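Before any comments, here is the structure.
Small disclaimer: the values here were computed from a predicted structure and weren't measured.
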Amino acid sequence: MWNNEYATWHATSISLADFAELLRRTDLAHVLYYMIIRGWMAVGGDSPLQMRLLSVVSMALCAVFITLIGRRLLGTPVGVFAGLFFAVIPAVSRYGQEARSYALVTVAGAFATLMLLRALEKPSRTRLILYGIGVALMGLIHFVSLTLLAAHFILWLNRTRGNTEHRWRVAIAVGFGMLGVIWLPALASHQSASISWIKADRAAIMAFPADMFLSGPVAVALAVLSVLGFSYLMFVPTVRNRPVATMLAAWAVVPPIFVLVTFPLLHMFLPRYVLVVLPAWSLLAAVGAYLSGALIWRYLGPVTATIFVTALLWVALPAHAVVRQSPVYGQPDYRAAIMMMQERQQPGDGVVFNDVFGKLSDLAREAFDYELRDAAKPRDVFLDKTAAQRASFSASECANPAPCLRDEKRIWLIHTGWSKDPFDGMPPARSQVLKLNYTVAETIEFTDVNLVLLKRRP
């Protein structure tokens with residue numbers, strides 16, 4: 001697990017009263033996901049597999065919905081290959097195995113689009129209600145996904161031309177869906193400090209496409225195929241379908257453009273916030289791959305599409321290896337250090353944190369609490385108030401560290417950062433009291449984190 005997943009566990013393991021207070025102070029934007037995952041974990045437990053299984057199921061369902069969307073818009077073969085292209089994207093694997101909301105918002109976008117297509121075919125009450133629910137789900141899971149409504153608007157405008165009653169019935173369904181969402185960004189707007197670290201400088205903009213797909217070569221390959229597919233639908237007379245081409249293009253590019261343009265106000269320019277566009281890129285790429293052969297000979301379409309999917313999979317394999325590695329790329333291996341500490345701990349041991357990576361020891365402490373949630377653990381020496389007591393993701397620590405020490409003969413220090421000095425970066429008063437009373441007996445190195453055993457001086 002990595003820090004965002006530890007945060008998910010923390011938010012869903014505290015009492016409902018503490019959870020409500022936490023949302024009042026921060027992270028209200030994820031309220032629906034947290035409520036869903038709380039129910040999910042209440043039934044199946046809080047193992048990493050159980051916590052992530054919801055995302056696994058969501059991404060699998062998303063591939064199904066993409067196939068059905070492609071079938072309705074462009075035919076069954078295109079739909080099938082769109083689902084395959086989607087499965088090959090490394091970001092789908094990465095966020096399909098993470099206990100966060102990104103897989104759910106991706107499937108919610110595909111679900112809402114499929115429900116719109118069904119409602120446009122036949123605006124029955126059930127279909128309109130389902131579409132409104134889809135819109136609400138998108139916005140409540142992550143309100144940036146509502147930018148997908150730009151693509152829906154194009155489809156709605158073209159499919160209801162000349163049928164005013166049909167047009168208004170679908171519009172009312174959107175309105176009711178939005179009513180269920182509009183309160184969330186209004187109430188969460190004062191919590192923007194939690195995402196103030198996001199940047200939209202030149203480097204971030206240049207890296208955005210590769211970070212969105214989690215592979216530069218995959219981003220280039222899908223872009224080429226998508227431009228090809230868009231061009232076929234726009235300009236080739238035998239397959240021309242400009243409304244669909246325009247709608248898919250809007251789905252693919254409007255959300256990233258929106259988060260860039262609104263960055264000074266919303267600070268939402270982060271690739272994983274716009275994963276809702278991945279189905280559109282998959283659909284456009286499938287069109288490009290399939291029609292590249294089918295325009296020559298109808299039976300050649302499946303052959304060329306299969307070749308392109310296989311080639312993309314080959315290109316994506318190195319990125320798939322990266323997104324599957326443990327610990328998560330660039331993250332400290334807290335679990336390995338904590339498991340070693342548990343294996344070697346003795347009664348009366350204590351633990352302290354110098355988590356330069358996580359700042360204020362938030363991440364190391366969340367990892368410590370999760371990994372040892374069902375086990376005996378050393379006393380958290382400098383803990384003042386737990387994160388739950390503070391209705392926060394951060395605990396507070398002793399302002400005056402000396403009285404917080406007891407008679408621990410051994411203390412485990414979990415340390416992240418580049419320095420070989422385990423006390424480097426620690427508040428001076430705390431490092432001084434530890435150095436005065438303890439000596440470093442052993443240091444065990446793990447990926448980007450060290451486990452240091454301190455023994456009391458004679």
Axial cation check for Phe19 ring with Arg38, 6.0 Å and 45° limits: yes
Margin query: Salt bridge check, Arg52 against Glu5: does any charged N sit closer than 4.0 Å to a carboxylate O?
Written below: yes
dist Thr416:OG1 -> Phe446:CZ (nearest 0.5 Å) comes out at 14.0 Å
Rounded to the nearest 0.5 Å, the OG atom of Ser145 sits from the CG atom of Leu275 at a distance of 11.0 Å
query: Can you find a pair of side-chain heavy atoms, one from Arg365 and one from Thr386, that are under 4.5 Å apart?
result: no
- Under the side chain to side chain contact (heavy atoms under 4.5 Å, CB included) criterion, do Met59 and Thr106 qualify, and how do the steps go? CA-CA 8 Å; Met59 282 302 196; Thr106 306; 4.3 Å; yes
Worksheet item: Any sub-3.5 Å donor-acceptor pair from Gln50's side-chain atoms to Ser47's backbone N or O?
Response: no
Worksheet item: Quick one: does Gln97's side chain have a donor or acceptor within less than 3.5 Å of a partner on Val323's backbone?
Response: yes
When every non-hydrogen atom of Tyr334 is compared with those of Val449, the smallest separation belongs to N-CG1, 4.2 Å
Test side chain to side chain donor-acceptor pair (under 3.5 Å), reference Asp46, set Tyr370, Trp40, Trp9, output is Trp9
Counting C-beta onward and ignoring hydrogens, is there a side-chain heavy-atom pair between Leu454 and Val440 closer than 4.5 Å?
yes
Item to complete: Evaluate the criterion ring pair (Phe, Tyr, Trp, His ring centres under 6.0 Å) for residue pair Phe81 and Phe308; output intermediate values, then yes/no.
Response: CA-CA 10 Å; Phe81 284 107; Phe308 278 120; over 10 Å; no
When every non-hydrogen atom of Leu214 is compared with those of Pro90, the smallest separation belongs to O-CB, 4.0 Å
- Student check: side-chain heavy atoms of Val309 and Leu312 closer than 4.5 Å: no
Going by atom type alone, with no hydrogens or angles, which donor-acceptor pairs under 3.5 Å involve a side-chain atom of residues 256-264 and a protein atom two or more places apart or on another chain?
unit_1: Thr262; atom_1: OG1; unit_2: Phe258; atom_2: O; d: 2.6

ask   = Is it the case that more than 12 heavy atoms not belonging to Arg406 sit under 6.0 Å from its CZ atom?
value = no
Do the side chain of Asp384 and the main chain of Ser396 share a donor and acceptor less than 3.5 angstrom apart? no
Can any side-chain N or O of Arg335 pair as donor or acceptor with the backbone N or O of Ala367 at less than 3.5 Å? no
- When you look at CG of Asp407, are more than 12 heavy atoms from neighbouring residues, nucleotides or ligands closer to it than 6.0 Å? no
Output for pair (Arg430 CZ, Cys404 SG), nearest 0.5 Å, gives 8.5 Å
dist Leu434:CG -> Leu405:CG (nearest 0.5 Å) comes out at 6.0 Å
Rounded to the nearest 0.5 Å, the CG atom of Asn450 sits from the CG atom of Asp421 at a distance of 11.0 Å
Self-check item: Carboxylate-amine/guanidinium contact Lys377 Asp369, below 4.0 Å
Solution: yes
So CD1 of Ile198 and NE2 of His267: to nearest 0.5 Å the spacing works out to 9.0 Å
Minimum side-chain heavy-atom gap His152-Val174 below 4.5 Å: no
Tightest non-hydrogen contact, residues Ala82 and Ile66, listed as CB-CG2, 3.7 Å
task: Please step through side chain to side chain contact (heavy atoms under 4.5 Å, CB included) for the pair Val181 and Met138, ending with a clear verdict.
output: CA-CA 9 Å; Val181 176; Met138 280 197 309; over 6 Å; no
| said: Quick check: do Asn4 and Arg272 have side-chain heavy atoms less than 4.5 Å from each other? | reply: yes
Hey, are the side chains of Trp412 and Val352 touching, using non-hydrogen atoms and a 4.5 Å cut-off?
-> no
Does the side chain of Leu451 reach to within under 4.5 Å of the side chain of Arg344, using non-hydrogen atoms? no
In terms of heavy-atom contacts, Pro279 and Trp251 come closest through CB-CZ2, 3.6 Å
Backbone N or O of Leu22 within a donor-acceptor pair of the Thr26 side chain at under 3.5 Å?
no
- prompt: When you check the side-chain N and O atoms of Glu98 and Trp2, is any donor under 3.5 Å from an acceptor?
  reply: yes
Closest heavy-atom pair, Ala112 versus Tyr131, reported as atoms and distance to 0.1 Å, is O-CD1, 3.3 Å
Inset, instruction - Using atom types as modelled and distance alone, determine if a side-chain donor or acceptor of Ser101 lies under 3.5 Å from a backbone N or O of Leu104. - result: no
(Q) Closer than 3.5 angstrom, by distance alone: can the side chain of Arg25 be matched with the main-chain N or O of Arg390 as a donor-acceptor pair? (A) yes
Checklist entry - Is Lys435 atom NZ crowded by more than 12 heavy atoms from other residues, nucleotides or ligands, each under 6.0 Å away? => result yes
Return yes when atom CZ of Phe208 has more than 12 non-hydrogen atoms of other residues, nucleotides or ligands closer than 6.0 Å, and no otherwise. yes
Of Thr67, Thr113, Leu248, the one forming a side-chain contact (heavy atoms from CB on, under 4.5 Å) with Leu283 is Leu248
Exercise. Quick check: does any side chain N or O of Asp355 sit under 3.5 Å from a backbone N or O of Ala364, one acting as donor and the other as acceptor?
Worked result: yes
- prompt: Counting N and O atoms only, with roles assigned by atom type, does the side chain of Thr8 sit under 3.5 Å from a partner on the main chain of Ala99, one being a donor and the other an acceptor?
  reply: yes
Between Ala252 and Leu284, the two heavy atoms sitting closest are CB-CD1, 4.4 Å
Next item on the list: Could you go through the side chain to side chain contact (heavy atoms under 4.5 Å, CB included) check for Val57 and Leu61 one step at a time?
Entry: CA-CA 6 Å; Val57 173; Leu61 277 176; 4.2 Å; yes
Point to revise | Verdict with supporting geometry, Ser55 and Arg100, side chain to side chain donor-acceptor pair (under 3.5 Å) | key: CA-CA 8 Å; Ser55 293; Arg100 291 298 281 178; over 6 Å; no
Would you call the rings of Trp281 and Phe213 parallel, tilted or perpendicular, taking 30° and 60° as the class edges? perpendicular
(request) For residues Val144 and Val276, determine if any side-chain heavy atom of one lies less than 4.5 Å from a side-chain heavy atom of the other. (result) no
Could you check whether the rings of Tyr273 and His142 sit parallel, tilted or perpendicular, using 30° and 60° as the cut-offs?
tilted
Requested in this report: List the steps, then state whether side chain to side chain contact (heavy atoms under 4.5 Å, CB included) holds for Leu222 with Ile89.
Outcome: CA-CA 9 Å; Leu222 281 177; Ile89 297 172; 3.8 Å; yes
